[in-house]
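Inspection log for the structure reproduced underneath, given as structure tokens.
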Amino acid sequence: MTQVDELVSGLLTDLYIGGKAVPAAAGGRFDVLDPATRTVIASVADAGVPDAMAAVDAAADAAAAFAATAPRARAEILRAAFELMTAQREDLATLIALENGKALTDARAEVSYAAEFFRWYAEEAVRIDGSLGVAPSGSNKIMVMRRPVGICVLVTPWNFPAAMATRKIGPALAAGCTMVLKPASDTPLTALAMARLLEAAGVPPGVVNVLPGRRSGQIVSAMLHDPRVRKLSFTGSTEVGRILLRECADTIVNTSMELGGNAPFVVFADADLDAALEGAMIAKMRNGGEACTAANRFYVEAPVAAEFSRRLAERMAGLRVGPGVQESTQVGPLVNDEAVEKVDSLVSDAVSAGATVLTGGGRPRQDGCYYEPTVLTGVAPGSAILREEIFGPVAPIVTFETEDEAVALANDTEFGLVGYVYTGDLARGLRVSERMDSGMIGLNRGLVSDPAAPFGGAKQSGIGREGGHEGLLDYTEPLYVAVNW
Ligand code: NAP
């Protein structure tokens with residue numbers, strides 16, 4: 001038995017409800033595939049509506065006792081989860097590389113990042129402050145406390161199967177909420193492995209329930225229409241976010257939405273070009289391009305555009321593409337065939353409208369869900385590749401002449417998650433940052449994600465913030481007491 005076989009044979013593949021592994025009530029299962037080979041890694045229980053209701057029952061049964069635990073006790077559980085996740089980093093990274101496809105280096109970085117949400121919220125759990133003030137009339141005191149928001153439904157995507165879950169579970173536990181996590185069907189194994197990890201860290205039965213299931217629309221809708229459910233935290237596409245916002249309207253469920261992005265990466269001619277290239281490689285290629293924060297469009301000032309494009313193409317062409325679990329791999333396969341087809345059609349569309357391929361531009365010869373690291377220049381304005389999330393290893397480059405033009409191009413999208421700006425003039429960097437319509441900016445930096453910072457988007461990229469102190473407050477409901485004494 002190889003190490004990977006051994007890892008897979010020990011995995012939880014049933015639903016995790018009320019602290020127990022249970023099969024789906026209707027008995028269904030579905031296969032999880034390795035995108036490097038398209039072979040089956042494991043078969044996982046496929047939840048239906050009755051299972052979703054059982055998970056909400058379990059979360060409801062555990063809710064009062066968990067809300068009443070001491071903040072310090074919840075902090076200790078979160079700290080233990082951080083320690084366990086750190087200790088299990090290699091196994092979790094291998095699992096992520098297997099079911100998602102990303103390179104082990106990316107998977108290891110994800111596990112470390114994911115664990116940091118447990119550490120950060122272990123530190124935050126004891127800082128759920130209220131306030132006390134005097135009414136302007138002087139007639140009474142205004143006392144504000146924060147209570148757990150209630151039962152949460154957490155829906156996560158496949159691109160960061162661990163971190164997108166811990167970014168929600170961490171603050172929900174810190175606030176004293178119970179929850180049902182619905183992971184993406186492409187990557188349920190990591191979420192199930194985390195259920196076991198959280199159990200070992202001391203999370204009581206019913207507090208965290210994990211519900212893999214391919215009928216995501218039905219099971220999430222059923223939970224959102226149960227009046228006991230008080231919050232939805234969703235990370236995924238803007239398209240599905242829009243559907244879920246409509247669903248939440250029926251029962252006025254509190255929502256946090258982390259949706260799609262279309263990040264501009266702006267390079268001014270006065271930038272340190274070495275640093276800009278380094279940042280571009282991180283912003284574009286972290287996770288093989290499958291990140292909501294991925295640089296989707298490069299805008300480069302005319303005097304440095306040719307040099308930047310040539311050097312970026314050299315760096316991209318030098319990347320080693322292969323199975324995520326192979327130690328030497330720098331870029332793994334995309335998550336599935338549909339993802340490859342989407343990337344390929346965006347590239348073909350740009351090329352037929354006149355773009356030049358500096359490197360890549362197609363599928364490599366090896367079998368599996370691969371796409372070549374690609375750089376395009378001369379991309380026509382209005383091309384689909386500049387408007388839609390590529391979610392793959394492709395960098396389209398457009399040239400600009402003035403600061404105003406760069407800002408206008410950067411903001412020409414309905415998305416507003418993150419933007420990147422490289423310039424040697426800090427005043428210009430801050431000025432342009434202020435003018436960009438997005439929730440986050442990387443200023444002379446290709447990576448913004450940090451558990452201690454408020455992550456989230458403006459415009460159609462989302463509502464609310466995850467991480468930081470803001471991320472904790474999103475799992476609380478303020479209680480205002482007008483009081484005389
Ligand atoms: P997705 O198709 O929107 O799916 C996300 C989750 O929603 C999955 O668990 C999916 O389950 C579930 N889902 C799909 N249709 C649903 C429905 N009708 N009702 C309820 N749940 C439903 O997104 P994805 O392809 O997994 O992830 C990629 C997207 O996520 C990109 O747009 C990316 O930008 C975004 N993202 C955003 C952030 C951020 O922080 N802003 C972070 C990471 C990713 P199934 O897998 O079973 O379909």
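In each ligand, atom 1 is the first atom listed, and ligand 1 is the first ligand listed. Everything numeric here is computed off the predicted structure, so don't read it as measured data.
The main-chain N or O of Ala410 is found under 3.5 Å from a side-chain atom of Arg297 such that the two form a donor-acceptor pair. No donor-acceptor distance shorter than 3.5 angstrom exists from the side chain of Asp349 to the backbone of Ser383, with no hydrogens or angles considered.
Under 4.0 Å is where a charged nitrogen must lie from a carboxylate oxygen, and between Arg228 and Asp57 at least one such pair does. Note on Arg215 versus Asp46: salt bridge recorded, some NZ/NE/NH1/NH2 to OD/OE distance being below 4.0 Å.
Taking only nitrogen or oxygen atoms, main chain and side chain alike, Ser461 does not reach within less than 3.5 Å of ligand 1.
Remark: Phe400 pairs with Phe268 by the ring pair (Phe, Tyr, Trp, His ring centres under 6.0 Å) rule, at least two apart or across chains.
Nearest protein neighbour of atom 14 (C) of ligand 1, counting heavy atoms only, is Ser216 OG, 3.7 Å. For atom 12 (C) of ligand 1, the closest heavy atom belonging to the protein is Val155 CG1, 3.8 Å. In terms of protein heavy atoms, atom 42 (C) of ligand 1 is closest to Cys292 SG, 3.0 Å. Among protein heavy atoms, the minimum distance from atom 8 (C) of ligand 1 is reached at Thr156 O, 3.3 Å. Of all protein heavy atoms, the one closest to atom 11 (O) of ligand 1 is Lys182 NZ, 2.8 Å. If you check which protein heavy atom lies closest to atom 1 (P) of ligand 1, you get Ser237 OG, 3.6 Å. Considering only non-hydrogen protein atoms, atom 46 (O) of ligand 1 sits nearest to Ser185 N, 2.8 Å. Looking only at protein heavy atoms, the nearest one to atom 19 (N) of ligand 1 is Gly217 CA, 3.4 Å.
When non-hydrogen atoms are compared, ligand 1 lies under 4.0 Å from neither the backbone nor the side chain of Ser221. By the criterion of a heavy-atom distance under 4.0 Å, the side chain of Glu389, and not its backbone, is placed next to ligand 1. Here Arg167 has side-chain heavy atoms under 4.0 Å from ligand 1, and that is the only part of it that gets that close. The proximity of Glu466 to ligand 1, defined as any non-hydrogen pair under 4.0 Å, does not occur for either the backbone or the side chain. Contact annotation: for Thr235 versus ligand 1, heavy atoms closer than 4.0 Å belong to both the backbone and the side chain. Only side-chain heavy atoms of Phe234 come within less than 4.0 Å of ligand 1; its backbone N, CA, C and O stay farther off.
Considering Ala294, Gly236, Gly260, Ala291 only, the shortest heavy-atom separation from atom 35 (C) of ligand 1 involves Gly236. One option in Val240, Leu259, Asp186, Val153 has a heavy atom closer to atom 22 (C) of ligand 1 than any other, and that option is Val240.
Of the N and O atoms on the side chains of Ser233 and Arg167, not one donor lies less than 3.5 Å from an acceptor on the other residue.
Listed by number with element, the atoms of ligand 1 under 4.0 Å from a non-hydrogen atom of Phe455 are 39 (C), 40 (O). When each atom of ligand 1 is checked for a heavy atom of Gly213 under 4.0 Å away, the hits are 47 (O). Taking a cut-off of under 4.0 Å to the non-hydrogen atoms of Met164, the atoms of ligand 1 that pass are 42 (C), 43 (C).
Under the side-chain hydrogen bond (donor to acceptor under 3.5 Å, both in side chains) test applied with Ser256, the options Lys231, Glu466, Lys168 reduce to a single match, Lys231. Of the residues Val357, Ile385, Leu346, the one that meets the side chain to side chain contact (heavy atoms under 4.5 Å, CB included) test with Val394 is Ile385. Checking Ile77, Thr178, Leu197, Ile169 one by one against Val203, the side chain to side chain contact (heavy atoms under 4.5 Å, CB included) holds for a single residue, Ile77.
Not a single heavy atom of Gly456 lies less than 4.0 angstrom from ligand 1. In this structure, Gly241 falls outside the shell of residues with a heavy atom less than 4.0 angstrom from ligand 1. Within the 4.0 Å heavy-atom shell around ligand 1 one finds Trp158.
Using cut-offs of 30° and 60° for the angle between ring planes, the Phe160 and Tyr113 rings count as perpendicular. Ring pair Phe391/Trp158 is perpendicular by interplanar angle, where above 60° counts as perpendicular and below 30° as parallel.
Shown here is Glu90, whose CD atom has more than 12 heavy atoms of other residues, nucleotides or ligands within 6.0 Å.
Using a 4.0 Å threshold on non-hydrogen atoms, atom 4 (O) of ligand 1 does not count as touching the protein.
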Under the salt bridge (charged side-chain N to carboxylate O under 4.0 Å, His left out) criterion, do Glu414 and Arg387 qualify, and how do the steps go? CA-CA 9 Å; Glu414 71 267 28; Arg387 291 196 318 270; over 6 Å; no

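Geometric assessment of Lys182 against the ring of Phe234 yields a negative cation-pi assignment under the 6.0 Å and 45° thresholds.
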